[in-house]
**Q** 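Below is the structure I would like to discuss, written out as structure tokens.
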Amino acid sequence: MASNTTVPLLTRLIAAAVNVSQKSGRILREVKKSGEMNVQEKGFNDFVTKADFLSQLNIIKSLEKQFPKLKFCGEEGDLKEDYFDLELSLNETVLNEAKILPDTYNSIREEDLIVWVDPLDGTREYTMDYSMAHEVTVLIGVAWNGRPIAGVVNQPFYKFQQESNSYLDRVLWGIVGLGSFDITKGKISVAQNTSTLPTIVTTRSHITELIQKNLSLIPNKQIIHSGGAGYKALNLIDSKADYYIYPRNGTKRWDTCAPEALIRSVGGCMTDIFGNEYSYTKNENFIEENYYGIVFSLAKDNSNICCHFNQDLKDEIEAQAEKVRQKYRK
């Protein structure tokens, strides 16, 4: 293997993020097993635990030690606590798979990147029994010029291993233009749905009349419900769903950066309900909320699904979006 200084910056960053996500996965498993989660409610059906904070400290402190010019935006804010148990290794599988990247990434500089971190996506499911824990993910997304270009999604409770009486994780990573990969199984090839009945995955815990109205306008579909933005996006990667639709405000950029990068890496897309992409460039007036809703699909654009949302529903979502903007202006 060539020295790390000759490996592309983005490759080294994702190789680090994979190993950091595995460390965070261990943190989540250990805290849950201890029973000392210190659950707090931030809002309706919105929880935070001791594991959220420890996971974010691990991710950001470890990555900024190796890449000091990176910018970060984590769900739990700018944590000031000291954290010394850093994960500083690079994943050899990523280094080998991503030796050569598309030429467009040659000009990337550390200071041009922003890393969006959800240290524990699916906290509600995390606080429940283990039957829901597979829906928990750790999300590390990388944006450049306002768009997600790479991401890591870790499922800390992917599979229970009887022999060791413990859970195994699953780590997926992707770079747009290179592809998406399972860290143990290699490059991912997503099977296309041959059925005429598309499957939509949507929220379980935040279902509203507005969401039901939106989805009712889409003909000939079946709907499944699950928790966590990261896990719902994985339903597309795992060929369990064709679309992930959440047609209202509620998710934020740290929920969607890594999943969007993964979906884009296999040729899909994420837009709002109007078919427009979100920007991940963070500036003084930036609003993290995806206030026009989200639509993930394996298609190159979402025109075939967004066309089913009527004007009344769009007006209602626009009114909700304005409330979000007003909240940030205060």
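Every value quoted in this text rests on a predicted model; they were computed, and no experiment measured them.
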**Q** Are I183 and V136 connected in a single hydrophobic cluster, I mean Ile/Leu/Val/Met/Phe/Trp/Tyr linked by side-chain heavy atoms less than 4.5 Å apart?
**A**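 Yes, it is one cluster - the side chains of V136 and I183 are joined through contacts under 4.5 Å.
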
**Q** Which atoms form the tightest heavy-atom contact between L101 and P8, and what is the distance?
**A** CD1-CB, 3.8 Å

**Q** Give a yes or no on whether the backbone of A98 and the side-chain of T11 come within a donor-acceptor separation of less than 3.5 Å.
**A** yes

**Q** One pair to check against side-chain contact (heavy atoms from CB on, under 4.5 Å): C257 and Y278. What are the steps and the verdict?
**A** CA-CA 10 Å; C257 186; Y278 285 105; over 6 Å; no

**Q** Considering all heavy atoms of both residues, which atom of V7 and which atom of R12 are nearest to each other, and what is their separation?
**A** O-NE, 3.1 Å

**Q** Kindly compute the distance separating OH (Y292) from CD1 (I273), expressed to the nearest 0.5 Å.
**A** 9.5 Å

**Q** Is the closest side-chain heavy-atom distance between T202 and H225 below 4.5 Å?
**A** yes

**Q** What I'd like to find out is whether the side chain of F296 reaches to under 4.5 Å of the side chain of P259, using heavy atoms alone.
**A**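 Sidechains of P259 and F296: in contact.
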
**Q** Test of understanding: clusters of I, L, V, M, F, W, Y form through side-chain heavy atoms closer than 4.5 Å, transitively. Do I223 and L313 belong to the same one?
**A**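 Cluster IDs for I223 and L313 match.
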
**Q** Working note: K187 + E97, criterion salt bridge (Lys or Arg N to Asp or Glu O under 4.0 Å); need CA distance, chi angles, decisive distance, verdict.
**A** CA-CA 9 Å; K187 194 165 187 176; E97 293 279 12; over 6 Å; no

**Q** Report the C-alpha separation of N310 and L217 in whole Å, then their side-chain angles, then the decisive distance to 0.1 Å, and conclude whether the side-chain contact (heavy atoms from CB on, under 4.5 Å) test is met.
**A** CA-CA 8 Å; N310 68 21; L217 298 175; 3.9 Å; yes

**Q** Hey, can you tell me if W116 and F286 have their rings parallel, tilted or perpendicular (30° and 60° cut-offs)?
**A**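 Answer is tilted, since the angle falls between 30° and 60°.
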
**Q** Are I175 and V142 linked, directly or through other ILVMFWY residues, by side chains that come within less than 4.5 angstrom of each other?
**A** yes

**Q** Just verifying a value: how many Å separate M37 CE and T123 OG1, rounded to the nearest 0.5 Å?
**A** 10.5 Å

**Q** About how many Å separate CG of D118 and CD1 of I140, when rounded to the nearest 0.5 Å?
**A**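 I140 CD1 to D118 CG: 10.5 Å, rounded to 0.5 Å.
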
**Q** Roughly how far apart are E288 CD and T251 OG1, rounded to 0.5 Å?
**A** 12.0 Å

**Q** Does any non-hydrogen side-chain atom of D255 lie less than 4.5 Å from one of D121?
**A**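 Touching, per the 4.5 Å side-chain cut-off.
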
**Q** Before giving the answer on side chain to side chain donor-acceptor pair (under 3.5 Å), spell out for S55 and N58 the whole-Å C-alpha distance, their side-chain angles and the decisive distance to 0.1 Å.
**A** CA-CA 5 Å; S55 176; N58 166 61; 5.5 Å; no

**Q** So, does R264 use its side chain to make a donor-acceptor pair with the main chain of P148 at under 3.5 Å?
**A** yes

**Q** Do D85 and K23 have side chains that approach each other closer than 4.5 Å (heavy atoms only, starting at C-beta)?
**A** yes

**Q** Distance from E322 atom CD to I317 atom CD1, nearest 0.5 Å?
**A**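 Here the interatomic distance stands at 14.5 Å.
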
**Q** Assign the ring pair Y130 / Y167 to parallel, tilted or perpendicular, where the plane angle (0 to 90°) is split at 30° and 60°.
**A**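 The rings of Y130 and Y167 lie parallel, inter-plane angle below 30°.
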
**Q** Quick one, V117 with L63, criterion side-chain contact (heavy atoms from CB on, under 4.5 Å). Give me CA distance, side-chain angles, the key distance, then yes/no.
**A** CA-CA 11 Å; V117 177; L63 291 180; 5.8 Å; no

**Q** Ignoring hydrogens, what is the shortest heavy-atom contact between L236 and S297? Give both atom names and the distance.
**A**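 Closest approach of L236 to S297: CD2-CA, 3.7 Å.
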
**Q** Please confirm whether the backbone N or O of Y126 pairs with a side-chain atom of K32, one donor and one acceptor, at under 3.5 Å?
**A**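 Judged by distance alone, yes, a pair lies under 3.5 Å.
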
**Q** Are the side chain of S180 and the backbone N or O of L262 linked by a donor-acceptor pair below 3.5 Å?
**A** yes

**Q** Given T199 and Q222, is the side chain to side chain donor-acceptor pair (under 3.5 Å) satisfied, shown in steps?
**A** CA-CA 5 Å; T199 298; Q222 54 186 350; 2.8 Å; yes

**Q** Taking all heavy atoms of A150 and all of I14, pick out the closest pair and write down the distance.
**A** CB-CD1, 3.6 Å

**Q** Charged N to carboxylate O below 4.0 Å: is that the case for D78 and K80?
**A** yes

**Q** Report the distance from atom OG of S216 to atom NZ of K221, rounding to the nearest 0.5 Å.
**A**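 Reported value, rounded in 0.5 Å steps: 6.0 Å.
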
**Q** Give the minimum heavy-atom separation between E110 and P68, together with the two atoms involved.
**A**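 Closest approach of E110 to P68, heavy atoms only: OE1-N, 3.3 Å.
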
**Q** With heavy-atom distances below 4.5 Å as the criterion, would you say the side chains of Y243 and L215 are in contact?
**A**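 Sidechains of L215 and Y243: no contact.
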
**Q** Linking I/L/V/M/F/W/Y whenever their side-chain heavy atoms sit closer than 4.5 Å, directly or via other members, would I211 and M270 fall into one cluster?
**A**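 Linked, I211 and M270 end up in one cluster.
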
**Q** With no hydrogens and no angle check, just 3.5 Å: does a side-chain donor-acceptor pair link Q161 and S166?
**A**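 Short answer, no.
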
**Q** Would you say N96's side chain and E92's backbone share a donor-acceptor pair under 3.5 angstrom?
**A** yes

**Q** If you draw a 6.0 Å radius around CG in D315, do more than 12 non-hydrogen atoms from other residues or ligands fall strictly inside?
**A**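 Enclosed.
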
**Q** Do N276 and T271 have side-chain N/O donor and acceptor atoms under 3.5 Å apart?
**A** no

**Q** Any side-chain donor paired with an acceptor under 3.5 Å for Y280 and E260?
**A**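 Note: Y280 and E260 side chains meet the donor-acceptor criterion.
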
**Q** Side-chain heavy atoms under 4.5 angstrom apart, residues restricted to Ile, Leu, Val, Met, Phe, Trp, Tyr: same cluster for W173 and L9?
**A**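 They do share one cluster, since a chain of ILVMFWY contacts under 4.5 Å joins W173 to L9.
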
**Q** Answer yes or no: is there a donor N or O on one side and an acceptor on the other, between the side chain of Q56 and the main chain of E76, under 3.5 Å?
**A**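 Yes, because the side chain of Q56 sits within donor-acceptor range (under 3.5 Å) of the backbone of E76.
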
**Q** Please determine whether side-chain contact (heavy atoms from CB on, under 4.5 Å) holds for the pair I245 and I294, giving the CA-CA distance in whole Å, both sets of side-chain angles, and the decisive distance to 0.1 Å.
**A** CA-CA 6 Å; I245 302 176; I294 55 175; over 6 Å; no

**Q** Would you say the side chain of D272 lies within less than 4.5 Å of the side chain of E277, judging by non-hydrogen atoms?
**A** no

**Q** Mind running side chain to side chain donor-acceptor pair (under 3.5 Å) on E87 and S89 for me, showing each step along the way?
**A** CA-CA 6 Å; E87 174 56 66; S89 63; 2.4 Å; yes

**Q** Would you say Y291 and K323 make side-chain contact, with heavy atoms under 4.5 Å?
**A**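 Result no, sub-4.5 Å side-chain heavy-atom pair not found.
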
**Q** Among R248, K327, R325, R253, which residue satisfies the salt bridge (charged side-chain N to carboxylate O under 4.0 Å, His left out) criterion with E289?
**A**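 Between E289 and the candidates, salt bridge (charged side-chain N to carboxylate O under 4.0 Å, His left out) is satisfied uniquely by K327.
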
**Q** Does any N or O in the side chain of N290 come within less than 3.5 Å of the main-chain N or O of G293, such that one atom is a donor and the other an acceptor?
**A** no

**Q** Look at the side chain of K69 and the backbone N and O of R109, then say whether any donor-acceptor pair between them is shorter than 3.5 Å.
**A** no

**Q** Using every non-hydrogen atom in the two residues, find where L139 and W254 come nearest and quote the distance to one decimal.
**A** CD1-O, 3.9 Å

**Q** Show, in sequence, the C-alpha distance, side-chain angles and deciding distance for Y231 and H134, and conclude whether the ring-ring contact (aromatic ring centres under 6.0 Å, His included) test is met.
**A** CA-CA 8 Å; Y231 180 74; H134 64 282; 5.4 Å; yes

**Q** Does atom NZ (K65) have a neighbourhood of more than 12 heavy atoms from anything else shown, all under 6.0 Å?
**A** no

**Q** For V171, run the side-chain contact (heavy atoms from CB on, under 4.5 Å) check against V138, V153, N154 and tell me which one passes.
**A** N154

**Q** Is any side-chain heavy atom of I237 closer than 4.5 Å to one of L298?
**A** no

**Q** If only atom types and distance count, is the side chain of K71 paired as donor or acceptor with the main-chain N or O of E111 below 3.5 Å?
**A**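 A pair under 3.5 Å: yes.
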
**Q** Please check: side-chain N/O of N302 versus main-chain N/O of V295, any donor-acceptor pairing under 3.5 Å?
**A**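 Pair found, side chain donor or acceptor close to backbone of V295.
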
